[in-house]
Undergrad: 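Let me give you the structure first, and then I'll get to my questions.
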Amino acid sequence: MTKVNEGVYFIQGQDEFLPDSHVYVIGDPASNDLSVIDVGLTGKGSYKIQSIKKMGIELEAIKRIIMTHTHLDHIGCLSEMQKAIPGVELWVHRLEAEPLESGDDRGVYGMNEFKGMCQMQYGLKADAFKFKVDRKLEDGDKLDIGGMTWEVIHIPGHSMGGIALYHSSLKILIPGDVIYADYAIGRFDLHGADADQLKKSLYRLAELDVDVLLPGHNQIVKSLPPDYVTKTAKMWEPYLV
Ligand SMILES: [Zn+2]
Ligand SMILES: [Zn+2]
């Protein structure tokens with residue numbers, strides 16, 4: 001785990017034959033009110049717990065897990081993390097919280113063929129992705145957590161209830177899989193995806209002042225060029241119809 005900024009920590013995903021999402025820990029450690037953003041692929045919980053402990057953070061200080069979205073590579077090890085951090089809450093955008101609560105896992109696996117493969121590979125039970133959600137997030141929510149304020153921005157397109165977390169004074173954006181480094185964007189062919197919505201979400205992110213981009217995979221970017229998101233949106237626009 002490395003420190004990106006005061007109150008923002010990064011744990012790199014450990015990709016194998018499937019990707020494992022990055023994890024971010026946000027909040028002032030002294031606040032005892034930390035949040036974990038995404039958890040990663042099934043089986044990838046223990047090294048994240050180890051990374052957090054190595055930073056000297058007590059697991060009891062982690063109060064909630066916030067999902068940028070609920071694809072398997074981000075939520076797969078949620079039950080491992082919940083076991084390691086008793087009482088930790090789960091916060092998800094309403095549009096992905098409702099399927100999670102009813103056990104509708106189409107959004108987790110993204111496509112049917114993948115579901116069968118993952119259930120075999122990881123020995124997952126049919127109801128492996130049924131979770132109680134403690135807070136259903138909405139666009140525009142201001143989260144005062146860990147001595148910081150993060151804004152929730154609903155950015156559908158890659159998934160139905162995808163969100164970005166944005167810190168306006170630090171100019172930090174955590175966009176999940178909607179936009180990455182190197183002018184890449186998230187795929188838009190899975191269950192709940194929508195190319196037109198993704199285009200609108202990219203243009204919405206383009207309005208923000210962002211210095212630090214902390215995506216779900218690949219490189220993190222600490223000094224983003226001012227027109228980066230706009231350029232990326234323009235580049236992809238012809239494909240997002
Ligand atoms: Zn995703
Ligand atoms: Zn991902």
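Remember, it's 1-based here, ligands and their atoms both numbered in the order they're listed. Along the sequence shown, the residues carry numbers beginning at 1.
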Undergrad: What is the name of the N/O/S atom of His158 that is nearest to the Zn ion (ligand 1)?
TA: NE2
Undergrad: Should the pair Arg94-Glu138 be classified as a salt bridge under the 4.0 Å nitrogen-to-oxygen rule?
TA: yes
Undergrad: Do Val92 and Lys136 make a side-chain contact, defined as non-hydrogen atoms from C-beta onward lying under 4.5 Å apart?
TA: no
Undergrad: Leaving out waters, which are not shown anyway, how many protein N, O or S atoms lie closer than 2.8 Å to the Zn ion (ligand 2)?
TA: 4
Undergrad: Decide, yes or no, whether a salt bridge links Glu60 with Lys63 under the criterion of side-chain N to carboxylate O below 4.0 Å.
TA: no
Undergrad: Counting only heavy atoms not in Asp182 (residues, nucleotides, ligands), do more than 12 fall under 6.0 Å from its CG?
TA: no
Undergrad: Can you list every pair that meets ring pair (Phe, Tyr, Trp, His ring centres under 6.0 Å) and has a residue in residues 26-63, with sequence neighbours left out?
TA: none
Undergrad: Measure across Val39 and Ile75 and return the closest heavy-atom pair with its distance rounded to 0.1 Å.
TA: CG2-CA, 4.0 Å
